[in-house]
K.L.:
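My questions all concern the structure below.
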2 protein chains.
Amino acid sequence: MLRPKQRPANIVSRDPERTRQRILAAALKEFAVRGFAGARVGAIARRARINKRMLYHYFQDKNGLFRSVLRHKINERMRRAEEMAVDPKLVSSLPQWFRQNCQDADWVRLLAWESLQSVRDSVLDEKERRRLARQVAEVIRKKQEAGRLRGDVPPHFVQLAKISLTMLPVALPQLARLIVGCSPRNRKFQEEYGRFLETISVGFRPSIVVVK
Amino acid sequence: MLRPKQRPANIVSRDPERTRQRILAAALKEFAVRGFAGARVGAIARRARINKRMLYHYFQDKNGLFRSVLRHKINERMRRAEEMAVDPKLVSSLPQWFRQNCQDADWVRLLAWESLQSVRDSVLDEKERRRLARQVAEVIRKKQEAGRLRGDVPPHFVQLAKISLTMLPVALPQLARLIVGCSPRNRKFQEEYGRFLETISVGFRPSIVVVK
DNA sequence: CTAGTTTGTAACCAAAAAGTTACTTGGAAA
DNA sequence: TTTCCAAGTAACTTTTTGGTTACAAACTAG
C-alpha cells in the first residue's frame with residue numbers, strides 16, 4: 001500500500017524512452033566532438049549514464065547508432081524547414097543562418113564529420129536530404145523572381161555559398177581562430193561576423209552598379 | 001668485381017630518403033581520406049609499400065607521423081606564400097583561391113580534419129601559422145588601401161569569408177554534392193562555381209551603389 | 001676483408017575498444 | 001499473487017590496431 005499501482009511521476013526506476021533519448025543525446029555530443037572513428041561507445045554510455053549493454057539493446061551497433069543520431073537530427077531539420085516554407089517571413093538572411101548554425105553547432109559539426117568521412121560511399125538518406133536541399137533552393141529561386149536576390153546566378157550556388165559562409169566558422173573553429181585570432185564561440189565574434197555577413201550580402205542582391 | 005663500390009644509380013635496393021618521402025606521401029593520402037582516428041598505420045605502410053616497422057623507424061609514432069605530414073605541408077604553403085608576397089601580381093582572387101584548393105584537395109582535407117578533431121586542444125605550430133595568416137591579411141589590407149577592395153570591413157573577416165567560399169566544397173564534397181547535385185570534383189562544376197565566385201565577389205569591392 | 005651501423009622483414013605482443021553472455025530486477029498483465 | 005517479458009547490470013570474449021622484438025641483409029668505415 002505504500003506503492004500505488006500508478007507509479008509516482010517523480011520516482012522512476014525504468015523508462016525506456018528516456019533511456020533511448022539519453023543515449024541519442026550523448027551520442028550526438030560524442031560524435032560531434034570526436035567524429036565516428038574517434039568516438040568511443042564506452043564514452044557515450046558513460047555520458048548517458050547507462051550501461052554499455054543498453055546501447056546495443058536500443059541500437060544495432062556503433063554504426064547503427066551513428067545513423068540513428070543523424071536521422072533524428074535530419075527529421076528535426078525537416079520539420080523546421082517545413083515551418084519556414086509556410087511562413088515566408090521566416091526565410092532567413094545570411095546573418096540569421098549564421099546565428100542558427102551557432103546555436104546548433106553540434107549538428108553542424110556532425111554534418112561536417114559525416115561529409116568528411118564519406119568520401120567515396122554515398123551519404124545517409126540521400127533522397128530525403130536532396131529533397132530538403134531542393135526545397136531551400138526553391139525558396140531562393142522565388143526570392144530571385146521577386147527581385148530580392150540577383151537572378152543571374154544558379155540558386156544552388158547561392159545556397160552553397162550561404163552554407164559555406166555560415167557553416168565553416170562553426171564547423172572548423174580552430175581554423176577560424178587561426179585567422180581571426182579569437183574563438184568563433186566568442187560572443188563578440190559572432191555579433192561582428194554577423195554584421196560582416198550583412199555587409200557582404202550586397203554581393204547577392206540584384207542591380208548593382210559599381211562606381212569606379 | 002661484378003659489384004662496384006659505387007652503386008649503380010638505377011638499381012637501388014636501399015634509399016632512406018625515398019622511403020621517408022614515400023611514407024609521408026602515403027600518410028598524407030590516408031590522413032586526408034580517413035582523418036587521424038580513422039587512419040590505420042598498417043594501411044599507410046601498405047600504401048607506401050614499406051614495412052610497418054620502418055614507419056616507426058623514421059617517425060616516433062602515429063601522432064608524430066601526423067604532425068610530420070602537417071609540418072611538411074605547412075612548410076610548402078609557407079614557401080608559396082612568400083613567393084606570392086614578392087610578386088603582388090600573384091595575389092589571387094576568389095576563383096584563383098578556389099582553383100588552388102581544388103588542386104591541393106588533400107591539403108584542404110587534412111586541414112579540415114585537423115581543425116575538426118582539435119576542438120579543445122590548440123593546433124600544431126600555432127605561432128607560425130598565425131604569422132602566415134597575418135601575412136595574408138596584410139595583403140588584403142594593402143588591397144583595401146589601394147582601393148581595390150572595400151575598406152569598411154576587417155581584413156581577417158574578408159580572409160575568413162574567402163577561405164569559407166573556396167574551401168568548403170573541396171573539404172566537404174558530399175555536402176556540396178547534396179546541394180548542387182553533382183560531385184565538386186567534376187570539372188564542369190569547378191569551372192561554373194569559379195565563374196559564380198567571380199560574380200559574387202562584387203560584394204567585396206568598394207563603392208557600391210544599389211539601384212532599387 | 002670485416003666489424004659495425006643502417007635499412008629492412010616477419011612474426012609477435014599488449015592494450016583498447018567493440019560487441020556478447022549470463023544473470024538480476026522491476027513492474028504490468030493474467 | 002504469480003508469471004513473464006522488457007529493462008538493466010557486471011563481467012567476459014573477440015577483434016582490431018598501435019607498437020615491438022628478434023633477426024637478416026645491405027652498405028660503409030677502418
Side-chain angles (χ1 to χ4, degrees), chain A residues 1-27 29-31 33-69 113 117, chain B residues 1-31 33-70 113 117:
Chain A
M1 85 321 198
L2 277 175
R3 290 226 213 115
K5 292 256 161 167
Q6 299 287 321
R7 69 163 187 251
N10 44 352
I11 303 163
V12 185
S13 49
R14 284 188 178 188
D15 188 340
E17 191 45 37
R18 184 195 54 174
T19 309
R20 227 189 106 89
Q21 289 304 322
R22 256 203 187 150
I23 297 173
L24 277 176
K29 254 275 172 275
E30 176 82 0
F31 284 135
V33 173
R34 304 196 202 285
F36 179 78
R40 300 290 161 234
V41 285
I44 294 173
R46 225 177 309 124
R47 218 192 266 264
R49 281 175 311 180
I50 51 101
N51 190 289
K52 196 168 56 148
R53 178 65 184 81
M54 296 318 292
L55 200 146
Y56 290 97
H57 177 69
Y58 287 103
F59 306 91
Q60 310 86 304
D61 55 7
K62 191 183 177 185
N63 235 295
L65 178 60
F66 185 76
R67 290 190 310 182
S68 293
V69 171
W113 281 113
Q117 85 196 6
Chain B
M1 83 325 195
L2 277 175
R3 293 227 213 112
K5 293 257 164 168
Q6 301 285 321
R7 69 161 187 254
N10 44 352
I11 304 162
V12 186
S13 50
R14 287 187 176 187
D15 188 339
E17 191 46 35
R18 184 195 55 174
T19 309
R20 226 189 107 90
Q21 289 304 322
R22 255 205 188 147
I23 296 174
L24 276 175
L28 170 63
K29 255 274 173 275
E30 177 82 1
F31 284 134
V33 173
R34 304 198 199 284
F36 180 77
R40 300 292 159 233
V41 286
I44 294 173
R46 224 177 311 124
R47 216 192 266 266
R49 281 177 309 181
I50 50 101
N51 189 287
K52 199 167 54 148
R53 178 67 184 76
M54 295 319 292
L55 198 148
Y56 290 97
H57 176 71
Y58 288 105
F59 306 92
Q60 309 85 304
D61 54 8
K62 192 185 178 185
N63 233 296
L65 178 59
F66 186 75
R67 290 190 310 181
S68 293
V69 171
L70 255 174
W113 280 114
Q117 84 196 8

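Throughout, protein chains are lettered first and strands after them, A, B, ... in sequence-line order, and every chain is numbered starting at 1.
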K.L.:
Figure out the CG/C1' separation between B/D15 and C/dT6, and round it to whole Å.
P.N.:
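Going from B/D15 (CG) to C/dT6 (C1'), I get 13 Å.
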K.L.:
Categorize B/F59 for me: base, sugar-phosphate, or nothing, with a 4.0 angstrom heavy-atom threshold over every strand shown.
P.N.:
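The answer is nothing, as B/F59 stays clear of every strand by at least 4.0 Å.
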K.L.:
For A/K62, which residues count as a salt bridge (charged side-chain N to carboxylate O under 4.0 Å, His left out) partner, sequence neighbours excluded?
P.N.:
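A/K62 satisfies salt bridge (charged side-chain N to carboxylate O under 4.0 Å, His left out) with no other residue.
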K.L.:
C/dA17 P sits how many Å from A/R34 CZ, rounded?
P.N.:
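The distance from CZ of A/R34 to P of C/dA17 comes to 10 Å, rounded to the nearest Å.
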K.L.:
Would you indicate whether A/R34, at its atom CZ, is surrounded by more than 12 heavy atoms from other residues, nucleotides or ligands within a distance under 6.0 Å?
P.N.:
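Incorrect, the count does not exceed 12.
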K.L.:
Mind calculating the distance between CG (A/L55) and C1' (D/dA7) to the nearest angstrom?
P.N.:
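The answer, rounded to whole Å, is 14 Å.
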K.L.:
Let me know the distance between CZ of A/R46 and P of D/dA10, rounded to the nearest Å.
P.N.:
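Taking atom P of D/dA10 as the reference, CZ of A/R46 is at 14 Å.
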K.L.:
For A/I44 and C/dA17, give me the distance from atom CD1 to atom C1', rounded to whole Å.
P.N.:
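To the nearest whole Å, that distance equals 12 Å.
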K.L.:
With rounding to the nearest 0.5 angstrom, report the CD1 to CZ distance, A/I23 to A/R20.
P.N.:
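Result: 8.5 Å between the selected atoms.
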K.L.:
Between protein and nucleotides 15-22 of chain D, map the contacts as a letter string: B base, S sugar-phosphate only, - none, heavy atoms under 4.0 Å, written 5' to 3'.
P.N.:
--SBBBB-
K.L.:
Just the rounded figure in Å: distance from P of C/dT25 to CD1 of A/I50.
P.N.:
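Going from CD1 in A/I50 over to P in C/dT25 covers 20 Å.
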K.L.:
If you look only at distance, which donor and acceptor atoms sit under 3.5 Å apart when one is on a side chain in residues 41-61 of chain A and the other is two or more places apart or in another chain?
P.N.:
residue : atom : partner : partner atom : Å
A/R47   : NH2  : A/E30   : OE1          : 3.2
A/N51   : OD1  : A/R53   : N            : 2.8
A/D61   : OD1  : A/N63   : N            : 3.3
A/D61   : OD1  : A/G64   : N            : 2.8

K.L.:
Quick check on C/dT7: is either OP1 or OP2 less than 4.0 Å from any side-chain nitrogen or oxygen of B/T19?
P.N.:
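B/T19 to C/dT7 OP1/OP2: no side-chain N or O under 4.0 Å.
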K.L.:
Send over the distance from A/I23 CD1 to C/dG19 P, rounded to a whole Å.
P.N.:
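Value for this atom pair: 14 Å.
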K.L.:
Less than 4.5 Å apart, side chain to side chain, heavy atoms only: is that true for B/F31 and B/L70?
P.N.:
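With C-beta onward as the side chain, the pair stays apart.
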K.L.:
Taking only side-chain nitrogens and oxygens of A/Y58, does any of them come within less than 4.0 Å of OP1 or OP2 of D/dA6?
P.N.:
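No, A/Y58 has no side-chain N/O under 4.0 Å of OP1/OP2 on D/dA6.
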K.L.:
Distance check needed: C/dG19 P versus A/L65 CG, whole Å only.
P.N.:
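Those two atoms, CG and P, are 10 Å apart.
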